[in-house]
*Asks:* 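Can you keep this structure in mind? I'll have questions shortly.
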Amino acid sequence: MKIVITGKPGIGKTTVVKKVAGELGKKAIGFYTEEYRDKKGKREGFKIKTLYGEEGILASKKLDSPYRVGSYGVNINKFEKVVIPVLEEALNGNKVVIIDEIGKMELFSEKFIRLVKKLFSSDRDIIATVPVKNVHPVVKWIKDRPDIILIHLDYSNRDKVPEEILKLMEKK
Ligand SMILES: Nc1ncnc2c1ncn2[C@@H]1O[C@H](COP(=O)(O)OP(=O)(O)OP(=O)(O)O)[C@@H](O)[C@H]1O
């Protein structure tokens with residue numbers, strides 16, 4: 001089963017993914033993306049965290065990189081170093097694959113694009129998040145797949161969605 005969550009920035013996609021991953025425990029593999037803030041509480045960038053506990057800075061206002069999204073420099077090397085081995089392991093195993101998120105920053109990585117396509121073309125179970133806007137052809141390619149369940153997260157459903165996903169996973 002492939003579940004894809006979309007919704008506006010900050011609506012709670014990562015929160016849903018973390019709740020579901022927490023319940024799945026060792027049955028899940030993958031990563032999520034979380035913002036981090038400076039000492040004054042201002043958003044400084046985004047971290048990637050694998051379910052194994054590894055982490056790295058995906059993007060930062062302080063990072064000088066040719067890959068940019070708004071005021072953030074994106075650290076593709078770090079992203080690939082942390083995430084690619086996990087996704088390769090996911091492709092060759094049978095755990096539920098958590099991919100939060102498939103967005104502009106992550107899609108600078110060609111290796112990531114290749115693996116995401118392979119995973120969606122495989123029979124792996126996936127829970128992924130994508131932006132509302134089709135920021136890259138891969139995002140549209142995923143949303144158009146007939147084999148996915150697309151969930152639009154909003155204020156009215158965000159508290160119920162984690163349980164709904166877990167129920168869907170049990171039924172399959
Ligand atoms: N169900 C909820 N109830 C109350 N607050 C929530 C809920 N879900 C998320 N939040 C809060 O909203 C903020 C953003 O949540 P989260 O990072 O999960 O959103 P997101 O959609 O993943 O954001 P992004 O677009 O940046 O990836 C967090 O501070 C989180 O604690």
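Read the numbers this way: they start at 1 and go in the same order the structure lists the ligands and their atoms.
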*Asks:* Are Ile98 and Ile29 packed together at the side-chain level, in the sense that at least one heavy-atom pair is separated by less than 4.5 angstrom?
*Replies:*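 They are not in side-chain contact.
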*Asks:* Out of curiosity, is Gly10 lining ligand 1, as in a heavy atom under 4.0 Å away?
*Replies:*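 The answer is yes, since Gly10 has a heavy atom less than 4.0 Å from ligand 1.
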*Asks:* Please tell me if atom 4 (C) of ligand 1 is touched by the protein, where touching means a protein heavy-atom distance below 4.0 Å.
*Replies:*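 Yes, at least one protein heavy atom sits under 4.0 Å from atom 4 (C) of ligand 1.
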*Asks:* Ignoring hydrogens and angles, state whether a donor on the side chain of Ser109 or Glu80 is under 3.5 Å from an acceptor on the partner side chain.
*Replies:*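 Yes, Glu80 and Ser109 have a side-chain donor paired with an acceptor closer than 3.5 Å.
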*Asks:* Establish, from distance only, whether the side-chain atoms of Glu89 and Tyr52 form a donor-acceptor pair under 3.5 Å.
*Replies:*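 Checked: Glu89/Tyr52 side chains pair up, N/O donor to acceptor below 3.5 Å.
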*Asks:* Nearest 0.5 Å, please: how far is CZ in Phe79 from CD1 in Ile84?
*Replies:*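 The distance works out to 6.0 Å.
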*Asks:* Is atom 8 (N) of ligand 1 close to the protein, meaning a heavy atom under 4.0 Å from it?
*Replies:*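 Yes, there is a protein heavy atom closer to it than 4.0 Å.
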*Asks:* Quick test: of every protein heavy atom, which one is nearest to atom 19 (O) of ligand 1, and how far off is it to 0.1 Å?
*Replies:*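 Protein heavy atom with the smallest distance to atom 19 (O) of ligand 1: Gly12 N, 3.0 Å.
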*Asks:* Out of Lys19, Arg158, Lys13, who gets a non-hydrogen atom closest to atom 20 (P) of ligand 1?
*Replies:*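 The nearest heavy atom belongs to Lys13.
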*Asks:* Counting from 1, what ligand 1 atoms have a heavy atom of Asp159 closer than 4.0 Å?
*Replies:*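 Numbered from 1, ligand 1 contributes 1 (N), 2 (C), 3 (N).
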*Asks:* With a 4.0 Å heavy-atom cut-off (strictly under), which part of Glu101 contacts ligand 1: side chain, backbone, both or neither?
*Replies:*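 For Glu101, the contact with ligand 1 is made by the side chain alone.
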*Asks:* May I ask you to check whether Asp100 and Thr129 show a side-chain donor-acceptor distance below 3.5 Å?
*Replies:*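 Result is yes, a qualifying pair exists.
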*Asks:* Which of the atoms of ligand 1 are close to Pro9, meaning less than 4.0 Å from one of its heavy atoms?
*Replies:*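 Within the 4.0 Å cut-off of Pro9, ligand 1 contributes 25 (O).
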*Asks:* Could you point out which residue of Ile48, Ile99, Leu51 forms a side chain to side chain contact (heavy atoms under 4.5 Å, CB included) with Tyr32?
*Replies:*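 Output: one option passes, namely Leu51.
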*Asks:* Check each atom of ligand 1 against the heavy atoms of Thr15 and keep those under 4.0 Å away; list them by number with element.
*Replies:*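 What qualifies from ligand 1 is 8 (N), 9 (C), 15 (O), 16 (P), 18 (O), 30 (C).
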*Asks:* For atom 17 (O) of ligand 1, what is the nearest protein heavy atom, given as residue, atom name and distance?
*Replies:*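 Closest protein heavy atom to atom 17 (O) of ligand 1: Thr14 CB, 3.9 Å.
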*Asks:* Does this structure show an ion pair linking Glu55 with Lys47, if we count only N-O contacts that are shorter than 4.0 Å?
*Replies:*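 Salt bridge: yes.
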